[in-house]
Engineer: 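Structure in structure tokens, see below.
In this chain, numbering begins with 1 at the start of the sequence shown.
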Amino acid sequence: MLHVLLGLAVFGLLASTVVAGIVLAAVPGYLRERHVARRLVLARPGFTPPLTLLKPLHGAEPGLEEYLASFFEQDYPEYEILFCAREPGDAGLEIARRVAGRFPLIPARFLSTGGQPSYINDKVASLEAMEAVASHEILVISDSDVGISPEYLRAVALPFAEPRVGAVTCPYRGVAAEGGVWARLEAVGMSVEMTAGVLAARAVEGMQFVLGPTMAFRREVIRKIGGFKVTADYCADDFVLGNETYKLGSTVVLSHHAIDHMVINSGFVSTVKHQVRWMKSTRFSRPKGHFGTALTFSVPFGLLGWVSAAALGHPWWGLGLFGWSLATRLALALAVGRLVVHDRSWFGLLVLYPIRDLMGFGFWAASYFSSRILWRGRVYQLLPGGRMRAADWE
């Protein structure tokens with residue numbers, strides 16, 4: 001049995017090293033693309049079509065006023081911002097009105113869907129309401145918990161200069177908004193684990209999805225895929241919208257511009273629930289790819305190799321296997337976390353990321369224990385393909 005476990009550890013390390021190699025090989029090309037794109041963004045006047053920003057809101061999240069203000073401070077000639085919540089008196093909508101009052105030159109509108117929508121994913125109702133009154137043909141959707149720099153809109157708009165581009169999305173770095181070790185562990189997972197997965201998928205099969213913190217589309221693309229309502233019963237609406245765009249034959253572009261994604265889950269329980277929910281959603285949206293995700297983690301196999309080799313009387317060989325697993329994680333942390341998304345937390349990249357890699361394997365395993373998720377206070381059953389239906393605990 002110990003030999004079997006050692007063999008499994010070596011196999012896992014080889015597989016995770018291959019994936020890490022694919023990611024590391026993709027980084028130089030991505031950085032070259034970023035260099036070219038940055039020169040084009042800095043050109044004046046450059047490509048700056050009018051844009052409509054869609055901002056769904058749901059309550060007053062920590063730091064919301066600061067994050068929303070960054071969208072009014074863009075170095076961009078013409079854009080409007082539409083906000084929408086379930087109720088006109090939503091606390092998040094009130095904060096948006098207050099922020100907009102400080103920037104009277106930026107057109108802003110405030111909408112509500114009028115109570116509980118008929119869709120499971122009530123964000124979809126907000127997107128439909130905003131799209132219906134949008135003035136421009138390129139729609140930029142962003143979550144409420146993201147912060148951006150002034151050149152964000154120029155960077156997002158740039159790929160649309162190519163007519164075949166139907167969607168653009170941005171990589172993101174995790175930021176532990178209120179500190180805390182659990183939030184920082186989740187944040188470094190966003191910076192490295194998530195981004196590495198995106199780069200690997202892009203290298204192997206091209207971009208076939210978008211990422212929720214920024215989803216930009218041509219309006220005609222959204223209408224061709226059937227409108228935002230195609231995601232009405234999905235938790236992973238970003239995956240569905242990007243994948244449907246890809247199926248149309250339109251190009252999906254990963255922008256060179258990284259944004260801040262704030263982590264507001266500061267406690268252990270909330271962090272675990274959020275991560276397991278995300279893993280379950282991926283399991284049902286992309287079952288084959290999700291199953292293979294187990295072989296992208298390295299530290300669990302390194303630990304298994306260390307323990308099994310030591311039990312067989314070869315502790316130094318085992319320590320070497322564990323060191324191998326750490327080396328691949330540190331290489332990814334530096335190349336992806338530091339160079340690609342500019343995560344500034346050396347402690348997170350060099351100390352917390354290997355721990356996060358071990359935790360990630362645990363979240364992956366936990367995703368197979370149940371098909372139910374708790375989302376915004378309600379329990380849902382995940383169905384094949386990623387759809388959801390309301391459910392109650394038995």
Engineer: Between E80 and R109, is there a salt bridge with N-O shorter than 4.0 Å?
Structural biologist: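 Answer for the salt bridge query: no.
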Engineer: Please determine whether a side-chain nitrogen of the Lys or Arg among E162 and R218 lies less than 4.0 Å from a carboxylate oxygen of the Asp or Glu.
Structural biologist: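 A salt bridge is absent here (no side-chain N lies under 4.0 Å from a carboxylate O).
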Engineer: What is the minimum heavy-atom distance between L24 and A335, and which atoms define it?
Structural biologist: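 Taking every non-hydrogen atom into account, CD2-CB, 3.5 Å.
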Engineer: Between K123 and D237 (salt bridge meaning N to carboxylate O under 4.0 Å), is one present in this structure?
Structural biologist: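 Judged by the 4.0 Å cut-off on N to carboxylate O distance, K123 and D237 do form a salt bridge.
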Engineer: Using 4.0 Å as the upper bound for N to carboxylate O, is an ion pair formed by R97 and D90?
Structural biologist: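 Salt bridge: no.
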Engineer: Going through the checks in order, is the side chain to side chain donor-acceptor pair (under 3.5 Å) test met by E87 and S112?
Structural biologist: CA-CA 5 Å; E87 301 287 350; S112 63; over 6 Å; no
Engineer: Are H290 and Y368 an aromatic pair, judged by ring center distance below 6.0 Å?
Structural biologist: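 Yes, close enough.
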Engineer: Do R173 and D260 make a side-chain contact, defined as non-hydrogen atoms from C-beta onward lying under 4.5 Å apart?
Structural biologist: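 Contact flag for R173/D260 side chains = yes.
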Engineer: Run W324 and S298 through side chain to side chain donor-acceptor pair (under 3.5 Å) and show every step you take.
Structural biologist: CA-CA 9 Å; W324 174 6; S298 181; over 6 Å; no
Engineer: Looking only at side-chain N and O atoms, does S250 offer a donor or acceptor that is under 3.5 Å from a partner on T245?
Structural biologist: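 No donor-acceptor contact under 3.5 Å links the two side chains.
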Engineer: Is the shortest heavy-atom distance from the side chain of P56 to the side chain of C84 under 4.5 Å?
Structural biologist: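 A side-chain contact is absent here, since even the closest heavy-atom pair is not under 4.5 Å.
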Engineer: So do E78 and H136 actually touch side chain to side chain, heavy atoms under 4.5 Å?
Structural biologist: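 A side-chain contact exists here, since the closest heavy-atom pair is under 4.5 Å.
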Engineer: With no hydrogens and no angle check, is any side-chain donor or acceptor of T169 less than 3.5 Å from a backbone partner on L211?
Structural biologist: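 Checked: pair present.
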Engineer: For residues L350 and L330, report the shortest heavy-atom separation together with the two atoms involved.
Structural biologist: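 That closest heavy-atom pairing would be O-CD2, 3.6 Å.
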Engineer: Taking only Lys NZ, Arg NE, NH1 and NH2, and the carboxylate oxygens of Asp or Glu, determine whether R356 and E193 approach each other closer than 4.0 Å.
Structural biologist: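 Counted as a salt bridge, because a side-chain N and a carboxylate O are separated by less than 4.0 Å.
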Engineer: Could you tell me if the side chain of V10 sits less than 4.5 Å from the side chain of L13, heavy atoms only?
Structural biologist: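 No, their side chains stay 4.5 Å or more apart.
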Engineer: Fit a plane to each ring of F209 and F239, take the angle between them on a 0 to 90° scale, and name the class: parallel (under 30°), tilted (30 to 60°) or perpendicular (over 60°).
Structural biologist: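 Ring orientation, 0 to 90° scale: parallel.
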Engineer: Could you check if a side-chain atom of V140 sits within less than 4.5 angstrom of a side-chain atom of L54, using non-hydrogen atoms only?
Structural biologist: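 A side-chain contact under 4.5 Å is absent here.
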Engineer: T296 vs S16, test: side chain to side chain donor-acceptor pair (under 3.5 Å). Steps then yes/no.
Structural biologist: CA-CA 4 Å; T296 67; S16 63; over 6 Å; no
Engineer: Is a donor on one side and an acceptor on the other found under 3.5 Å between the side chain of K280 and the backbone of I373?
Structural biologist: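 Judged by distance alone, no pair lies under 3.5 Å.
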Engineer: Return yes if a side-chain donor-acceptor contact under 3.5 Å exists between Q381 and R389, otherwise no.
Structural biologist: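 Not at all, the side chains of Q381 and R389 share no donor-acceptor pair under 3.5 Å.
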Engineer: Ignoring hydrogens and angles, tell me if any N or O in the side chain of D343 forms a donor-acceptor pair with the backbone of S345 under 3.5 Å.
Structural biologist: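 Here the side-chain-to-backbone pair exists.
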Engineer: Check whether any side-chain heavy atom of E151 lies under 4.5 Å from a side-chain heavy atom of D75, and answer yes or no.
Structural biologist: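 Not touching, per the 4.5 Å side-chain cut-off.
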Engineer: Is there a path of hydrophobic side-chain contacts, each under 4.5 Å between heavy atoms, that joins V27 and Y172?
Structural biologist: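 Yes, one cluster joins them.
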Engineer: Linking Ile, Leu, Val, Met, Phe, Trp and Tyr through side-chain heavy atoms less than 4.5 Å apart, which residues share a cluster with L303?
Structural biologist: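 L303 clusters with V299, W306, W316, L319, F322, L326, L358.
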Engineer: Within a reach of under 6.0 Å around CH2 of W317, are more than 12 heavy atoms found that belong to other residues, nucleotides or ligands?
Structural biologist: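 Not more than 12 within 6.0 Å, no.
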Engineer: Considering only residues two or more places apart or on different chains, which pairs with a residue in residues 76-96 satisfy ring pair (Phe, Tyr, Trp, His ring centres under 6.0 Å)?
Structural biologist: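 Ring pair (Phe, Tyr, Trp, His ring centres under 6.0 Å) check on residues 76-96 returns F83-F110.
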Engineer: Tell me, which pairs form a ring pair (Phe, Tyr, Trp, His ring centres under 6.0 Å) where one or both residues lie in residues 326-357, sequence neighbours left out?
Structural biologist: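 Listed once each, the pairs would be none.
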Engineer: Would you call E220 and R223 a salt bridge, using N to O less than 4.0 angstrom?
Structural biologist: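 A salt bridge is absent here (no side-chain N lies under 4.0 Å from a carboxylate O).
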Engineer: Report yes if some heavy atom in the side chain of E33 is under 4.5 Å from a heavy atom in the side chain of H256; otherwise report no.
Structural biologist: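 When only atoms from C-beta onward are counted, H256 and E33 do not touch, as no gap falls below 4.5 Å.
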